[in-house]
Protein chains: 2
Amino acid sequence: MRERLIESTRELLWERGYVGTSPKAIQQRSGAGQGSMYHHFRGKPDLALAAIARSADDMRVRAEAELSGSASPLQRITVYLRRERDALRGCPVGRLTQDPDVMADPELRRPVEETFAWLRTRLAGVLADARSQGELDASLDPAATATALVAVLQGGYVLARAAGDAEVYAQAVDGALGLLAGHAR
Amino acid sequence: MRERLIESTRELLWERGYVGTSPKAIQQRSGAGQGSMYHHFRGKPDLALAAIARSADDMRVRAEAELSGSASPLQRITVYLRRERDALRGCPVGRLTQDPDVMADPELRRPVEETFAWLRTRLAGVLADARSQGELDASLDPAATATALVAVLQGGYVLARAAGDAEVYAQAVDGALGLLAGHAR
DNA sequence: GTCTATAACGTGATAGAC
DNA sequence: GTCTATCACGTTATAGAC
């Protein structure tokens, strides 16, 4: 049951955010009763922390798998950017940055902060490798470029949702890769 | 009073989103009572529509002023991207894409959809001008590049909020301009 | 571990007095 | 136009039985 509660919370946090997710909705989706939920977790924040931590871990594990492959640095970045994502659903971690109650709670906020800090640093490292291997223009700043690329993904979700069209997300990625191509050697 | 209600709703929508904003909070911030609010507006959705429409108009008017200047196309794009923004506060229109109740209501959603559709198209037009004037590489696709640039701004907000540091937003913009620079003639 | 009962408080709105 | 009273319902728990 504990597992079902975490998974249901994860889905609801993804769909509706923290503010928009009630304990009642979690209980209904998971099939757990009030007593069961409050037996396994101290309350909504405690359960949300477990769900957020898991989403953050997932995101990191996936990215690491793609960014640490055996292909060339630039190829790994392309694979990472082009990975199929559910664009209209958005990013389960990124969406939490818009949640005032999550950002106000240091415990809930930490996984969000750490995940993006790690991702930007990790991507900057791969870009630095691409540069040192002569695959990429030396004039490109790895840290700023990495931040811009992660921003394209996060912003791509925003634009795809605004348009109600997943293709807009793909277009943002295409645009980023087009810009990056001009710096490839 | 009508004016104060709209402005207070705009602020709260920006800070807490639609789901996280209650009529009571709006009344307290605006100094209006229940009766006053329900006299001027039919309810929360009606008031939110007025607030959202105004934020969308603002965003469009500002962007148009920068993108239609007399400087060269690439310079205008740089001015637009570098305009000072309250990065930790985020985009008042973009944040609404994460709000399930806004996206589920066609009336509330329309201004969001139209604003970003207009912005992407407008920016693509300026990029096309830059290209036809020989200021920018002919290989760059204007539409995809425009979508990527708008995504960098929207994603920049996400990353800045995640890091709790407005500088991260500036870094995303720097990264985008660095990528664009490689295609300048 | 899970259930039901209970409760204090907030939400979103209506009604009618002033 | 604005105010207070009222209301049905939802939220976020706690308590204790099973």
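Computed from a predicted structure; not experimentally measured. In what follows, every chain begins at residue 1, and chains take the letters A, B, ... in the order their sequences are listed.
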Requested in this report: Would you kindly give the OH-to-P distance between B/Tyr38 and C/dA17, to the nearest whole Å?
Outcome: 20 Å

Report task. Check whether any side-chain N or O of B/Ser36 sits under 4.0 Å from OP1 or OP2 of D/dG1, and answer yes or no. Result -> no

Query - Sugar-phosphate only, base, or nothing, as touched by A/Gly35 at under 4.0 Å among non-hydrogen atoms - result: base

Query raised in the report: How close or far is atom C1' of C/dT2 from atom CG of A/Leu5, stated in whole angstroms?
Result: 11 Å

Query raised in the report: Is the charged tip of A/Arg85 near the ring of A/Tyr80: under 6.0 Å from the six-membered ring centre and within 45° of its axis?
Result: yes

**Report entry** Heavy-atom donor-acceptor pair, A/Thr21 side chain to A/Leu12 backbone, under 3.5 Å
**Finding:** yes

Requested in this report: Report yes if at least one side-chain N or O of A/Ser22 is closer than 4.0 Å to OP1 or OP2 of D/dT11; otherwise report no.
Outcome: yes

Requested in this report: Just say parallel, tilted or perpendicular for the rings of A/Tyr169 and A/Tyr157, cut-offs at 30° and 60°.
Outcome: parallel

Query raised in the report: Does B/His39 place a side-chain N or O at less than 4.0 Å from the phosphate oxygens OP1/OP2 of D/dC3?
Result: no

Query raised in the report: Between atom NZ in A/Lys24 and atom P in C/dT11, what is the gap in whole Å?
Result: 16 Å

Query raised in the report: For A/Gln27 and C/dG1, what is the distance between atoms CD and C1' respectively, to the nearest whole Å?
Result: 14 Å

Report task. Respond yes when some side-chain nitrogen or oxygen of A/Lys44 is under 4.0 Å from OP1 or OP2 of D/dT12, and no when none is. Result -> yes

Report summary line: note: B/Arg16, atom CZ; C/dG10, atom C1'; distance rounded to Å ~ 13 Å

Query raised in the report: So, does A/Arg4 use its side chain to make a donor-acceptor pair with the main chain of A/Ala32 at under 3.5 Å?
Result: no

**Report entry** Whole angstrom value for the distance that separates C1' of D/dC3 from CE of B/Met1
**Finding:** 13 Å

Query raised in the report: What integer distance in Å separates A/Gln28:CD from C/dC3:P?
Result: 13 Å

Query - Closest to side chain of A/Gln34, choosing from C/dT6, C/dG12, C/dT2 - result: C/dT6

Query raised in the report: Quick one: does A/Val93's side chain get under 4.5 Å of A/Asp58's, heavy atoms only?
Result: no

Query raised in the report: Out of C/dG1, D/dA13, D/dT2, which has the shortest distance to the side chain of A/His40?
Result: C/dG1

Report task. Write down the distance between CE (A/Met37) and P (D/dT14), rounded to a whole number of angstrom. Result -> 10 Å

